[in-house]
Amino acid sequence: MQRISLGKSDLSSSRLVYGCMRIAGDNSPEDRERGKAALRAALEAGYNQFDHADIYGGGACETLFGEVLRESPGLREDLILTGKCGIRESGQPEAGDPKRYDFSYQYIVDSVEASLARLGTEYFDLLLLHRPDFLFGAAEVATAFETLYENGRVRHFGVSNFRTSQVKLLQSQLSRPLLVNQVEINLHNIGALTDGTLDQCQRRKITPQAWCPLGAVAYPAWGNTFTVEDEQRIEVELQRQSECYEAEAWQVALAWLLRHPAGIQPIIGSTTPSRIRAATHALSLNYRREDWYRLLEARNGQPVA
Ligand SMILES: NC(=O)c1ccc[n+]([C@@H]2O[C@H](COP(=O)([O-])OP(=O)(O)OC[C@H]3O[C@@H](n4cnc5c(N)ncnc54)[C@H](OP(=O)(O)O)[C@@H]3O)[C@@H](O)[C@H]2O)c1
């Protein structure tokens, strides 16, 4: 699989990231086996970056991944393990506590320790703050990052779902560059293309990662506002391009993301081995600017101005 350098670091990541949000399923033995088969398929297909969060499966996804690491001694060093923290579910730790974001020093440090224990590893290659905390103090976050770095628990840092002003604020307090901003990008949600996120990524050499890259193609995106007519227009154009590129519609949708010069890394969240493997076909499409705009036009329902 094609590799890229993550942000301003020398971390060499597979262009596609494997997303571990769904690997534990409902945590039944069958779903856990399915999750392990998905991970094996991803490894065989050359994915070397695996995206986690403390909240995925309530911790079950990290625990399952930890089992795979224990079953394959030596694997850990070949991987880029990405973790996320900062979202706290309701009822934790006290009954009645609301769902909230928490970028306090203690919560960040404790959360990372708990994730590493579930994964059975000493360190994260990359830690992202999952969603911006309304009560976000950049200096406090910087101190937490410094502690985690000094203790050897996290080697690099990044963010997720951050606005450009928040990236700027946090970076102003850090001695090391933020490597990644992980945001939703798909045919429905193109906010990152229009709100300055991808411009900032290019300017600061931050790698943009796209979560739910197939939203609006394989399933409705979060907050989907497309009408039936919108969906049909997109489907017709995707179908036309599928034939032209000898690819499936969803692979064309990935190529549409990959075509952007900011170097978007789609995070593949399928748990189906054949899809995990087939996603790499999107990397080989010589995707044309004209087709990129045709798909944008189909999405928007009108040509650009
Ligand atoms: N930072 C954040 O806030 C945030 C938020 C959400 C997700 N994430 C990360 O992003 C990763 C990817 O997100 P995602 O899992 O939503 O991404 P996705 O790859 O867009 O979607 C995966 C889902 O689509 C289904 N799917 C994939 N290809 C399909 C096809 N051709 N036809 C029908 N269904 C298809 C999969 O089903 P099967 O499993 O049955 O193949 C799976 O349910 C997550 O794993 C997580 O790591 C981050």
Side-chain angles (χ1 to χ4, degrees), residues 13-14 16-26 30-39 41-42 45 47 49-57 60-62 64-65 80-87 89 99 101 115 119 124 126-133 158-163 166-167 178 180-189 191-192 197 207-224 231 234-235 238-239 242 247-258 264-282:
S13 171
S14 50
L16 302 177
V17 176
Y18 184 73
C20 296
M21 181 173 76
R22 304 171 193 268
I23 56 170
D26 65 9
E30 300 74 37
D31 278 9
R32 290 166 57 79
E33 264 322 301
R34 186 173 145 84
K36 283 187 179 180
L39 292 173
Y47 295 72
Q49 187 181 164
F50 290 81
D51 181 71
H52 284 276
D54 51 354
I55 58 169
Y56 291 165
C61 296
E62 289 175 332
L64 183 69
F65 200 91
I80 296 174
L81 271 195
T82 298
K84 294 195 284 304
C85 70
I87 300 180
E89 300 294 1
K99 181 164 183 179
Y101 308 131
S115 286
L119 286 159
F124 275 122
L126 177 64
L127 177 75
L128 312 182
L129 298 173
H130 205 154
R131 278 188 179 274
D133 179 3
V159 293
S160 175
N161 302 305
F162 266 44
R163 290 197 300 273
Q166 294 164 326
V167 170
L178 293 166
V180 158
N181 191 3
Q182 185 180 116
V183 294
E184 183 183 11
I185 321 176
N186 51 49
L187 272 172
H188 181 264
N189 187 345
T197 299
T207 300
Q209 295 184 334
W211 57 263
C212 296
L214 298 178
V217 177
Y219 56 93
W222 291 32
N224 192 18
E231 309 266 12
I234 294 167
E235 207 179 311
L238 277 174
Q239 194 48 46
S242 294
E248 293 184 41
W250 62 275
Q251 292 166 327
V252 173
L254 291 179
W256 194 80
L257 297 178
L258 291 163
I264 297 171
Q265 280 191 302
I267 311 177
I268 304 302
S270 170
T271 51
T272 308
S274 58
R275 285 180 184 152
I276 294 166
R277 287 189 286 270
T280 60
H281 182 51

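Whatever order the structure lists ligands and atoms in, that order sets their numbers, starting from 1.
Considering backbone and side-chain N/O atoms, R34 comes within less than 3.5 Å of an N/O atom of ligand 1. Considering backbone and side-chain atoms together, L214 places an N or O closer than 3.5 Å to an N or O of ligand 1.
Of the protein's non-hydrogen atoms, R275 NH2, 3.5 Å is the one closest to atom 33 (C) of ligand 1. Of the protein's non-hydrogen atoms, the one nearest atom 13 (O) of ligand 1 is C212 N, 3.4 Å. In terms of protein heavy-atom proximity, atom 47 (O) of ligand 1 is closest to D51 OD2, 2.6 Å.
S14 places a side-chain N or O within 3.5 Å of a backbone atom of L16 that can act as its donor or acceptor partner. Proximity of a side-chain donor or acceptor of N161 to a complementary backbone N or O of P132 within less than 3.5 Å is not detected. A donor-acceptor pair is defined here as one N or O able to donate and one able to accept, closer than 3.5 Å; no such pair exists between the side chain of Y47 and the backbone of I268. Not a single donor-acceptor pair under 3.5 Å links the side chain of Q49 to the backbone N or O of I267.
Both the backbone and the side chain of S270 come within contact range of ligand 1, each with a heavy atom under 4.0 Å. If you look at V217 next to ligand 1, there are no close heavy atoms at all, none under 4.0 Å. Contacts between Q209 and ligand 1 below 4.0 angstrom, taking non-hydrogen atoms only, are absent altogether. Heavy atoms of A38 found under 4.0 angstrom from ligand 1: none, in either backbone or side chain.
Rounding to the nearest 0.5 Å places CG of L238 at 12.0 Å from CD of E248.
Taking the side-chain hydrogen bond (donor to acceptor under 3.5 Å, both in side chains) definition, one finds that H188 meets it with N224, T225, sequence neighbours left out.
Closest of all the heavy-atom pairs between R131 and Y101 is CD-OH, 3.5 Å.
Between the side chains of D51 and Q209, not a single donor N or O lies within less than 3.5 Å of an accepting N or O.
Contact annotation: Q251 has no heavy atom less than 4.0 Å from any atom of ligand 1. Using a 4.0 Å heavy-atom cutoff, K84 is listed among the residues neighbouring ligand 1.
Residue-ligand proximity, C20 to ligand 1, at heavy-atom distances under 4.0 Å covers atoms 45 (O), 47 (O). Atoms of ligand 1 found under 4.0 Å from any heavy atom of T272 (numbered from 1 in listed order, with element): 38 (P), 40 (O), 41 (O). Within ligand 1, counting atoms from 1 as listed, the ones closer than 4.0 Å to a heavy atom of T271 are 38 (P), 39 (O), 41 (O). Interface atoms of ligand 1 facing N161, defined by a heavy-atom separation under 4.0 Å, are 1 (N), 2 (C), 3 (O).
Using cut-offs of 30° and 60° for the angle between ring planes, the F50 and F65 rings count as tilted.
Closest to atom 46 (C) of ligand 1 by heavy atom, among W250, Y18, W211, Y56, is Y56. Among H130, M21, R22, the residue whose heavy atom sits closest to atom 23 (C) of ligand 1 is R22.
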_For a side-chain hydrogen bond (donor to acceptor under 3.5 Å, both in side chains) check, start with the C-alpha distance between T271 and R34, then their side-chain angles and the critical distance, and finish with the verdict._
CA-CA 7 Å; T271 51; R34 186 173 145 84; 2.8 Å; yes
